There are 2 protein chains.
Amino acid sequence: MRHEPYPAPHEGSRADCIPWCLGPTRDYAAWAGCVSAAAGDCSIKDGATSIRKLGYSPNPVAQALSSGSTQVIGLIVPDIGNPFWAVYASAIEAAAHLQGLDVLRCSATSDSTAFFLSHLEEMKVRGILLATDLPDEDRAVAKSLSTRLVQLSSHRPLDGTVSIASDLYQGARQATYHLRSLGHARIAFLGDLSGDDPRLAGWSDTLGVSLQAPGLAFQAEFTMRGGLEAMRSILAAPETPTAVFASSDAIAIGALHAIREARLDVPAHISLISLDDSPEAAFALPGITSVRQPVEDMARDAIAALLDEQHLEARLHMYPMTLVQRSSTASPAN
Amino acid sequence: MRHEPYPAPHEGSRADCIPWCLGPTRDYAAWAGCVSAAAGDCSIKDGATSIRKLGYSPNPVAQALSSGSTQVIGLIVPDIGNPFWAVYASAIEAAAHLQGLDVLRCSATSDSTAFFLSHLEEMKVRGILLATDLPDEDRAVAKSLSTRLVQLSSHRPLDGTVSIASDLYQGARQATYHLRSLGHARIAFLGDLSGDDPRLAGWSDTLGVSLQAPGLAFQAEFTMRGGLEAMRSILAAPETPTAVFASSDAIAIGALHAIREARLDVPAHISLISLDDSPEAAFALPGITSVRQPVEDMARDAIAALLDEQHLEARLHMYPMTLVQRSSTASPAN
DNA sequence: GTGAAAGCGCTAACAT
DNA sequence: ATGTTAGCGCTTTCAC
């Protein structure tokens with residue numbers, strides 16, 4: 001990769017003509033009559049003409065090598081089973097572009113998270129946005145990272161890092177409360193039962209129900225298929241709930257499918273509510289009442305946090321969720 | 001950013017201990033007793049121990065500056081109104097990771113495509129995958145790119161570039177033919193009427209209908225909202241079609257919503273078929289019969305084409321689409 | 001062969 | 001304040 005010599009400068013005119021577009025600073029310097037053109041935006045000898053105005057823009061790779069960091073951020077998101085992440089990732093990309101940053105997106109399972117973490121560090125990214133959960137054995141990897149890290153999930157945040165997440169506990173309470181105030185008593189839960197998911201806690205706290213209460217809390221993967229299967233087993237049980245709280249829109253859509261399959265109607269026979277409010281919720285049939293995560297706000301603030309503009313405290317910052325009412329919830333029939 | 005000096009090497013053991021993880025080659029060279037350790041993978045003096053095995057991995061930024069190209073590819077996709085692109089982009093990322101490439105994704109409207117094109121070129125990406133349509137005034141920009149470019153849409157491919165796309169014309173024929181063979185005669189079209197969309201051509205050719213035939217072809221944006229609005233206007237017209245061909249799953253889901261809104265049933269009153277076969281089609285209610293784009297194959301081959309492994313001919317390569325039958329299509333009632 | 005040296009195009013520390 | 005120089009950590013060429 002040898003550098004093609006630029007044509008000799010045109011004698012006479014200066015600022016009017018742009019002799020070598022996109023050349024390295026050296027060429028501009030030579031042209032201006034000095035050995036090197038130190039600052040990237042320095043004005044050339046004869047006055048106000050900065051070399052950027054002459055059509056120059058610096059080589060980001062060289063900037064990165066010299067300064068030790070690129071203008072790229074890494075984003076590690078769960079594998080896109082959940083369309084919510086597609087929307088969230090887009091919002092993050094938009095917010096990053098606004099700050100002149102590019103984003104390298106990695107879809108990782110929790111197994112491959114540690115790999116991507118070190119890969120992104122090697123790539124010398126400006127910072128990493130981590131939206132997956134780290135298995136215990138990988139938390140050390142994250143802690144020893146030299147790259148700035150911001151977490152995007154409320155689930156077990158690493159201490160010492162800023163974490164941006166919506167308040168899922170409060171969102172779950174809101175959803176469950178909405179169903180209760182419509183008159184529902186038997187409200188099933190669909191989601192993650194294995195850990196200490198705040199959605200599960202929100203549901204059970206609002207209902208005043210013990211987590212061991214049988215026949216109400218059902219394990220579901222955060223996918224449409226997960227919702228489908230969980231809902232099928234709910235409907236197969238002897239006593240059917242009058243309402244269902246799904247931990248995500250994807251789960252809710254799967255559940256809707258299962259309910260329809262059983263020749264039941266939403267909301268006539270069963271009310272359905274979920275969390276996230278991704279576009280899918282609005283366009284399901286019927287439109288699913290959902291508790292919205294403020295994705296754009298979180299995206300903007302996560303980028304700001306990575307850049308450390310506000311010197312945000314290194315703790316979990318929770319964003320309130322808001323109920324978006326649609327037609328999947330109604331009072332129980334009898 | 002001055003380099004922290006590494007601790008003096010441990011005398012004695014060599015290959016067994018890894019004295020300075022992730023240090024630059026120079027350190028290894030000094031350790032081995034020479035001035036520079038030329039090749040990144042050179043084996044050190046004492047034999048078979050390559051420095052990579054000592055825990056070294058090269059700095060990609062320095063590699064990029066030196067070699068003139070990063071191991072990153074750029075991906076320009078339309079703004080994610082269409083969830084199809086979310087799936088496609090994920091497939092592309094997976095295929096890229098398999099080759100050791102990262103991807104910089106840019107969501108662009110056709111207005112901002114030229115900007116991203118030159119931005120990615122400046123970033124010294126290894127190649128660019130372009131999935132948006134270029135307005136005429138920007139085709140020159142794409143042509144003069146020094147970066148390798150592969151197109152991902154069949155719509156007006158640039159000549160001189162390889163273009164990977166599914167055969168939308170054949171897909172549209174297949175869809176329309178499926179409806180015809182079920183006995184439908186009045187089959188409406190939902191999609192792009194403004195250009196020379198192959199989907200429109202496939203539909204009209206199969207039907208033997210003139211494009212000017214009134215009341216059958218409807219303009220719809222490629223979003224759920226677009227489908228909703230177009231379908232509403234179809235249903236508002238005096239004579240309702242017995243089947244609808246939607247140019248994308250997103251359009252179809254919007255259309256489904258409008259049909260439901262009008263208290264009509266799919267497929268009892270109206271059959272619905274679409275293109276893409278994104279996960280949404282499977283989980284709509286009823287499941288939407290859709291003609292599948294071979295997304296994984298195209299993603300794999302697009303990456304290979306960028307790397308120029310097969311020395312693919314610089315033309316449009318079309319991939320066959322396949323019908324996936326679900327429950328949104330049936331014979332007309334009477 | 002194997003080892004040294006000259007870039008790549010910047011930034012930052014350093015002289016003047 | 002200016003203008004110069006020494007890296008950043010590689011790849012490539014060149015000399016031995």
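Proteins get letters first, then strands, A, B, ... in listed order; numbering begins at 1 in each. In this text the structure is predicted, and so the values were computed from the model without any measurement.
Within the 3.5 Å criterion, the main-chain N or O of A:Ser153 finds a donor-acceptor partner in the side chain of A:Ser163.
D:dC10 atom C1' lies 12 Å from atom NZ of A:Lys124, rounded to whole Å. In this structure, the CE atom of B:Met123 is 16 Å from the P atom of C:dG9, given to the nearest Å. We find that CD of B:Gln63 is positioned 17 Å from C1' of C:dG9, with the value rounded to whole Å. For B:Gln71 and D:dG9, the CD to P distance is 19 Å, given to the nearest whole Å.
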Taking only Watson-Crick and G-U wobble pairs with both distances under 3.5 Å, what dot-bracket line describes DNA chain C, where [ ] shows pairs that cross earlier ones and | shows pairs with another strand?
-> ||||||||||||||.|

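Side-chain proximity of B:Leu65 to the nucleotides C:dC10, D:dC10, C:dG9 is greatest for C:dG9. Relative to the side chain of B:Ser67, the nucleotides D:dC8, D:dC10, D:dT11 differ in distance, and D:dT11 lies closest.
Just one of B:Ile92, B:Ile164, B:Leu152 meets the side-chain contact (heavy atoms from CB on, under 4.5 Å) condition when paired with B:Met298; it is B:Ile164.
Residues satisfying the side-chain contact (heavy atoms from CB on, under 4.5 Å) test with A:Leu98, not counting sequence neighbours, are none.
You'll find the ring centres of A:His97 and B:Phe116 inside the 6.0 Å limit.
Between A:Asp102 and A:Arg126 no salt bridge is recorded (no basic side-chain N to carboxylate O distance below 4.0 Å).
No hydrogens or angles considered: nothing links the side chains of B:Ser110 and B:Thr113 as a donor-acceptor pair under 3.5 Å.
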